[in-house]
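The analysis underlying the following values was restricted to heavy atoms, covering all of them including side chains, and did not include hydrogens, waters or symmetry mates.
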Amino acid sequence: IALFNQPLQDDEYKSIVISGLAVLGMREDDGWLDAEDYTPKYSAVIKLARLMVVQEAYGRRREAIGQYENRGLSTKRAKEKASSHYVLTRGLVHAFMTMAHDGKDPKPMQYRSYGFKIRYTTTAEGKIQWIGDDILYPHIRFSMTKFRSMVHGLVGEAREELFGKLMMVKMSADQEVDMKQVPPIHWDKIVDQPSETKVGWSFLVDERNQFAACKQWWLYERM
């Protein structure tokens, strides 16, 4: 916590946090990561810092309760008198986890905003290259024919999982399904009610949607 809240003064290199963040920004070829690749690493550090802030607030409250108990207060009275987790966490957050304000010096945890500004306003470098019918991205090369074949294969596997294993419908050698075994669903007539907030409600229980088979028992009866 002290490292995150360390004042920078006029020598940023004395900050262990800034030095560590600088190391995270180095590439294996001794270059520097751009904002697009660096900000996720920065976000991971901030996420850990938030967890440490919560842990620090919890520890400070436990310590304060112990001090009041040593002065002779009961446990209940000591908990009432000690600062809450919210108050302690808010103080730590305002100290070094938010943007600088009221003349305060910026802290390392605030610099990510500048990185996000660069990331979301800078056009990313192109990584897809076409050579005839082949695609390169960035060290992978494949043709559109292979890509279409992969998609067809995934569709076939999904059909097998859905019809064969889940719905237990017999399929031909060509993975074709006799649709007479499956109740039809008229998707063009399905309606929904987005404003409904009842727990467990979905378009499946909407009375306006009529299905050819019993929603609750069709699959059970097939078993």
Review item, side-chain donor-acceptor pairs of residues 156-163, under 3.5 Å, at least two apart:
{"residue": "Arg159", "atom": "NH2", "partner": "Gln175", "partner atom": "O", "Å": "3.3"}
{"residue": "Glu161", "atom": "OE2", "partner": "Lys165", "partner atom": "NZ", "Å": "3.4"}

Are Met26 and Leu33 packed together at the side-chain level, in the sense that at least one heavy-atom pair is separated by less than 4.5 angstrom?
no
Which residues satisfy the side chain to side chain contact (heavy atoms under 4.5 Å, CB included) test with Ala212, sequence neighbours excluded?
Pro183, Pro184
Minimum heavy-atom distance Ala57-Thr89, with the two atoms named:
CB-OG1, 3.3 Å
Set of salt bridge (charged side-chain N to carboxylate O under 4.0 Å, His left out) partners for Arg90, sequence neighbours left out:
none
side-chain hydrogen bond (donor to acceptor under 3.5 Å, both in side chains) partners for Ser43, two or more places apart
Arg112
Whether Gln210 side chain and Glu207 backbone form a donor-acceptor pair below 3.5 Å
yes
Taking it one step at a time, do Val93 and Arg50 satisfy side-chain contact (heavy atoms from CB on, under 4.5 Å)?
CA-CA 8 Å; Val93 169; Arg50 289 172 176 171; over 6 Å; no
Which heavy atom in Met167 sits nearest to a heavy atom in Arg222, and how many Å separate them?
O-NE, 3.1 Å
side-chain hydrogen bond (donor to acceptor under 3.5 Å, both in side chains) with Asp206: which residues, sequence neighbours excluded?
Arg208
For residues 186-199, which side-chain donor-acceptor pairs fall under 3.5 Å, sequence neighbours excluded?
{"residue": "Gln193", "atom": "OE1", "partner": "Ser195", "partner atom": "OG", "Å": "2.7"}
{"residue": "Glu196", "atom": "OE2", "partner": "Lys198", "partner atom": "N", "Å": "3.1"}

Answer whether the closest heavy-atom distance between the side chains of Asp34 and Asp37 falls below 4.5 Å.
yes
Considering residues at least two apart in sequence or located in another chain, which fulfil the side-chain hydrogen bond (donor to acceptor under 3.5 Å, both in side chains) criterion with Arg60?
Glu56
Among pairs that include at least one residue of residues 19-41, which meet ring-ring contact (aromatic ring centres under 6.0 Å, His included), considering only residues two or more places apart or in two chains?
Tyr38-Tyr42
Val87: hydrophobic cluster co-members (side-chain, 4.5 Å):
Tyr86
In short, ring-ring contact (aromatic ring centres under 6.0 Å, His included) pairs touching residues 194-222 with sequence neighbours left out are Trp217-Tyr220
Grouping I, L, V, M, F, W and Y whenever their side-chain heavy atoms are under 4.5 Å apart, do Ile18 and Met52 come out in a common cluster?
yes
With rounding to the nearest 0.5 angstrom, report the OG to CZ distance, Ser84 to Arg61.
7.0 Å
Enumerate donor-acceptor pairs with a distance under 3.5 Å from any side-chain N or O in residues 65-72 to protein atoms, sequence neighbours excluded.
{"residue": "Glu69", "atom": "OE2", "partner": "Thr75", "partner atom": "OG1", "Å": "2.9"}
{"residue": "Asn70", "atom": "ND2", "partner": "Gly66", "partner atom": "O", "Å": "3.2"}

To the nearest 0.5 angstrom, please state how far the CG atom of Asp178 sits from the CD atom of Gln181.
5.0 Å
Check whether Leu166 and Val177 end up in the same hydrophobic cluster, where Ile, Leu, Val, Met, Phe, Trp and Tyr are linked by side-chain heavy atoms less than 4.5 Å apart.
yes
Ignoring hydrogens and angles, write down the donor-acceptor pairs under 3.5 Å from the side chains of residues 134-151, residues two or more places apart or on other chains.
{"residue": "Asp134", "atom": "OD2", "partner": "Arg141", "partner atom": "NE", "Å": "3.2"}
{"residue": "Asp134", "atom": "OD2", "partner": "Arg141", "partner atom": "NH2", "Å": "3.2"}
{"residue": "Ser143", "atom": "OG", "partner": "Lys146", "partner atom": "N", "Å": "3.2"}

Evaluate whether atom CZ of Arg62 has more than 12 neighbouring non-hydrogen atoms of other residues, nucleotides or ligands under 6.0 angstrom away.
no
